[in-house]
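On a predicted model such as this, the values are computed, not experimentally measured, just so you know. Only heavy atoms go into these numbers, but all of them, side chains included; no hydrogens, no water, no symmetry mates. Naming: A, B, ... by sequence-line order, numbering from 1 per chain.
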There are 2 protein chains.
Amino acid sequence: MEHRTVSLAEQVFERLENEILSGKFPRGTVLTEMNLVTELGVSRTPIREAIHRLEQEHVIETTTKGILILGVTKKDLRDIFEIRLRIEGLASAEAAKRITDEELAELRESLELQEFYVPKNDPEHVRGMDSLFHRLIYRFSGNTALSDALLPLHKKVMKYRLASVSDHSRANSSAKEHRMIYEAIANHDPEAAEARTVEHIKNAMEHILKETNE
Amino acid sequence: MEHRTVSLAEQVFERLENEILSGKFPRGTVLTEMNLVTELGVSRTPIREAIHRLEQEHVIETTTKGILILGVTKKDLRDIFEIRLRIEGLASAEAAKRITDEELAELRESLELQEFYVPKNDPEHVRGMDSLFHRLIYRFSGNTALSDALLPLHKKVMKYRLASVSDHSRANSSAKEHRMIYEAIANHDPEAAEARTVEHIKNAMEHILKETNE
DNA sequence: CTTTTCAGAATTGTATACAATTATACCAGA
DNA sequence: TCTGGTATAATTGTATACAATTCTGAAAAG
């Protein structure tokens, strides 16, 4: 076996998670391990590892007939935003308290890239940078449990977030809101960081729930 | 293979999680898959599955030297309670809105068992019923994402919760607080359920953090 | 005495063979 | 035609063999 910094199991997990949360497989689809073996060209072992991790995240279910795709419903979306409204501000507040200059530079870079892509009408890249911004804040909060709780919630909005930032006006507002949050964190102002984050999540929620028909 | 309703992998996962979160292995301990094979008497396959699930919960880490036990630190505990303070009330409020009579009976039974064990000075059983009460509320909230977020947080307090309910006076107050929460849910009063739950978590947090030295 | 190199031991990652259960389809009989 | 049963196929669960990397310790060189 040649050197591989990231295991096949990890690669399969990320690929499947991404495909499922992007909506490639409609809810109710049933896959089998052998499907994935032939499609992905690896043995059952790494596939099974990925499957079990996805099952733990309630993205799929394993049945006697195969792997049932659950995906993310609109109700899930509402449920997720109710939670994020309550704890995502905490992540920003904690980050504002303890962020280092290096971390701040990383956060700023993701923000500036987002601002770069917005006028180009490039939703894929905008979403990528939008996501990165949030994930960096989770990490910089220094609260592992909080990061562990928020990350799956954030990932599950992926599909709907693409539709949202495809609306140029919303993409624009979102970038502006991110900048406000960034400024508060850079000023080490937890209260402002929290309040602006809650406002941002509220706006994102309203836009996404409005746009989503399902 | 004989009939088995729950897979070996699941059994190993639950056993290992329980042992680690009970504090059987101190933080920093390194195990290997072969250790567990000889100790548990099953092959590497189900053990590896359990390991990967525990890794996803950040309870252990896999290194080139083996399986590193992380466990739950006092900082983790503070982080966890900050989150629970913000979202556990939501679970109770949602449960108050949508709970059925059957579910209510189940919740009441766990409460009455807790009240039964408290005067007997039986911390293990008290903790078991205390935990069940909370988990039932997560489930009855009807919000899968919320339940998925709260359950790992709740499990990680297990070790410290035993010490807490071993204090008879705290065990008594805890049962009383549970009854107040139960009454609010039974009355389908979301505001009261939420307020009483937040108060309960606050009390639990203060007591646990005070008792914990680590 | 210290440092470096190398061989082997220990460990995880991957593939595959086998076991057991469950679903499916076909056939027989009423 | 419908129902029931049985054999076969499909699927996941488990064990094990093999691959590749990494750690460890001892020996050799300076």
Student: Round to the nearest Å and state the distance from A/M34 atom CE to C/dA15 atom P.
Tutor: 12 Å
Student: Is there a residue in residues 59-69 of chain B whose heavy atoms reach under 4.0 Å of DNA chain D, and which residues are they?
Tutor: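 The answer is B/T64, B/K65.
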Student: Distance check needed: D/dT21 P versus A/L8 CG, whole Å only.
Tutor: 13 Å
Student: Does B/H188 use its side chain to pair, donor to acceptor, with the backbone of B/A96 at less than 3.5 Å?
Tutor: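 Yes, the answer is positive, given that a donor and an acceptor are paired below the 3.5 Å cut-off.
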Student: By side chain to side chain contact (heavy atoms under 4.5 Å, CB included), which residues pair with B/S174, not counting sequence neighbours?
Tutor: B/Q114, B/D130, B/R170, B/H178, B/H200
Student: Taking salt bridge (Lys or Arg N to Asp or Glu O under 4.0 Å) as the test, write out the residues that go with B/E49, two or more places apart.
Tutor: none
Student: With sequence neighbours excluded, tell me which residues meet ring pair (Phe, Tyr, Trp, His ring centres under 6.0 Å) with A/Y117.
Tutor: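 Scan of A/Y117 (ring pair (Phe, Tyr, Trp, His ring centres under 6.0 Å), adjacent residues dropped) gives A/H125.
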Student: Who passes side chain to side chain contact (heavy atoms under 4.5 Å, CB included) against A/N121, sequence neighbours left out?
Tutor: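 Side chain to side chain contact (heavy atoms under 4.5 Å, CB included) check on A/N121 returns A/H168.
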Student: Starting from P on C/dC18, measure out to CD on A/E33 and report it in whole angstrom.
Tutor: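 Rounding to the nearest Å, CD of A/E33 and P of C/dC18 are 18 Å apart.
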Student: Got a sec, which pairs hit salt bridge (charged side-chain N to carboxylate O under 4.0 Å, His left out) with one end in residues 98-117 of chain B, sequence neighbours left out?
Tutor: B/E115-B/R179
Student: Suppose we screen for side chain to side chain contact (heavy atoms under 4.5 Å, CB included). Which residues come up paired with B/V30, at least two apart in sequence or across chains?
Tutor: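 Listed in chain order: B/L68.
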Student: Scan residues 44-57 of chain B against DNA chain D and write down, sorted by residue number, each residue with any heavy atom closer than 4.0 Å; if none is found, say none.
Tutor: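 Hits under 4.0 Å, by residue number: B/R44, B/T45, B/P46.
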Student: Nearest to the side chain of B/S7, heavy atoms from C-beta on, is which of C/dT11, D/dG13, C/dA15?
Tutor: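 Looking only at heavy atoms from C-beta outward on B/S7, the closest nucleotide is D/dG13.
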Student: Taking only residues at least two apart or on different chains, which pairs with a member in residues 8-23 of chain A satisfy salt bridge (charged side-chain N to carboxylate O under 4.0 Å, His left out)?
Tutor: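 Pairs touching residues 8-23 of chain A that pass the test: A/E10-A/R53, A/R15-A/E19, A/E17-A/K155, A/E19-A/K24.
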